[in-house]
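Report on the following structure.
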Amino acid sequence: MRRYLRLLGIQLRASTAIALQYRVEFLGEGALSLFWSLWSLVPLLVVFGHRPAVAGWTFDEALVVMGWFTLMKGVLEGAVNPSLTSVVEHIRKGTLDFVLLKPADAQFLVSTAKFEPWRVVDVLGGLALFVVAFHRMGRVPSPAHVLAALALLVCAAWTLYSLWILVVSAAFFVVKVDNLSFLFSSIFDAARWPVTVFRGAWRVVFTFVVPLALMTTYPALALLGRLDVGTAGLAVVGAAAFGGISRLVWTRSIGHYTSASS
Amino acid sequence: MLRTIRALPTLLRVGFAEAVAYRAEFLVWLLSTNMPLVMLALWSAVAREAPVGRFGQEDFTAYFLAALVVRLMTGAWVIWELTYEIRQGTLAFRLLRPIHPLVAYACENLAAMPLRLGLSLPVVAALLFTVGERRLTHDPFLLALFPVTLLGAWLITFLAMSIVGALAFYVDSAGSVFEIWMGLFGVFSGYLVPLELFPPWATALARALPFRYMLAFPVEMLIGLQSRQRALAELAVQWLFVGLLGACAVGVWRLGLRRFAAFGG
């Protein structure tokens, strides 16, 4: 365990060092993602410009969901996406050999291979949205609710990561998987809306198949103090299940890895 | 010119064969065009109690299904090939051929259309059956105009992609410039929100930008939100943009090629 923590530290340091080399890009990308966070508010503003509430969500509450979406997007694109994209590259080129040879768990190594620290801007943007939303509501979330929200944040990040592992495992079978990642982010985009807005098939898909509800709506509800204990428990169980399944699929899939010679 | 026209059938055939060869990839790309359906679900929820502006639930269904059809049929992906080939230097092979690379790219993209059409036609059927004919325009003139507007929309998409892609001759990250373009597209094309529902100044601004003519214009015409006169006027603007972007694309290419140095290859 200690060894893995140290490894994580080393990988983080390496990523930061690389990011610091490209300082101009850091500023450019940071400004760009700030612009994106604001830009993605446009549909929200239009919707709530016509209605005071949609499916039981007021503008301020929907803003909290949007905050979680921005935050999770930062997590996805800063900590999950970069390393797992490089796994796909490894599999395609056959260089995964070098990872497998190292004396540490392969899933851990590939998952921590690369971070993009400037995505912190997104996380800060999400926090700023929380501040704005709660300021408009004229109240402060209680410490218990913040704790619950943090616990769900861990669940959400874990689910997101597990889903990504599942996607990457597909790369062992169908080599061209970069467009699968594109598909994934296009689906993730729907997470900016509270899941109760959707009905019928969409609700089922977004709650159970691709649990967007778990990633943004439930943490937002927790922060607002509206999440009941049962749902929270189910969220934790769901995240754990996703983690277990993805680990199982990963170990199975890696058995199918046949190194490519160039 | 004549040589290019003679080469067209072969180019299209090759492009179609490629599209068929990568059909799984193709399907994933199609599936990732799910945004209109998500927005449809959202706007239906908003319009559940009362219509928004002149949009009721049925109008939203018609609008976003039509948007999906238009989006599927006007897709282009030349920018990814272009930036990749410029960076890798493999563009050199294209330059050796006696046709303009832009024509070759256009053929590759167009040749995939039959496959796209096969996949998006069921959507058209769903559109017709669920929304009924009431929401679609009955004017035969406007219906005849629809393919022309689609072609215009596709040309704007393709040419804009070529121009942004040609930036790769100058800078490394043409991709992020295109991201900005896509962001503007999302808002000003009516892809996420029907343009009418914006505040009036934003609607007016959208009329002056090319994005509207890539999506909202054909869609609004198809679901009968526009009179003949308006449609003709907008068609003129659309093709003005096509001409403008076409001239721009050719110019940028000529300038960019001077800087092109094939690496490796």
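What you see is a predicted model; the values in this text were computed from it and never measured. In the text below, chain A, chain B and the rest are named by the order of the sequence lines, each starting its count at 1.
Heavy-atom distances place both the backbone and the side chain of B:Ala50 under 4.5 Å from chain A. Contact annotation for B:Pro51: only backbone heavy atoms (N, CA, C, O) come within less than 4.5 Å of a heavy atom of chain A.
Taking all atoms of both residues into account, the shortest heavy-atom contact from B:Ala41 to A:Phe198 is CB-CD2, 3.4 Å.
Within a 6.0 Å radius of CZ in A:Phe35, more than 12 heavy atoms belonging to other residues, nucleotides or ligands are found. Counting non-hydrogen atoms of neighbouring residues, nucleotides and ligands closer than 6.0 angstrom, the CZ atom of B:Arg48 exceeds 12 such neighbours.
No donor-acceptor distance shorter than 3.5 angstrom exists from the side chain of A:Trp202 to the backbone of B:Val38, with no hydrogens or angles considered.
Looking only at heavy-atom pairs under 4.5 Å with chain A, the residue among B:Leu184, B:Leu37, B:Leu42, B:Val46 that has the most is B:Leu42.
The distance from the CG atom of A:Asp189 to the CE atom of B:Met39 is 9.5 Å, given to the nearest 0.5 Å.
Proximity to chain B among residues 43-72 of chain A is limited to A:Pro43, A:Val46, A:Val47, A:His50, A:Arg51, A:Val54, judged by heavy-atom separations below 4.5 angstrom.
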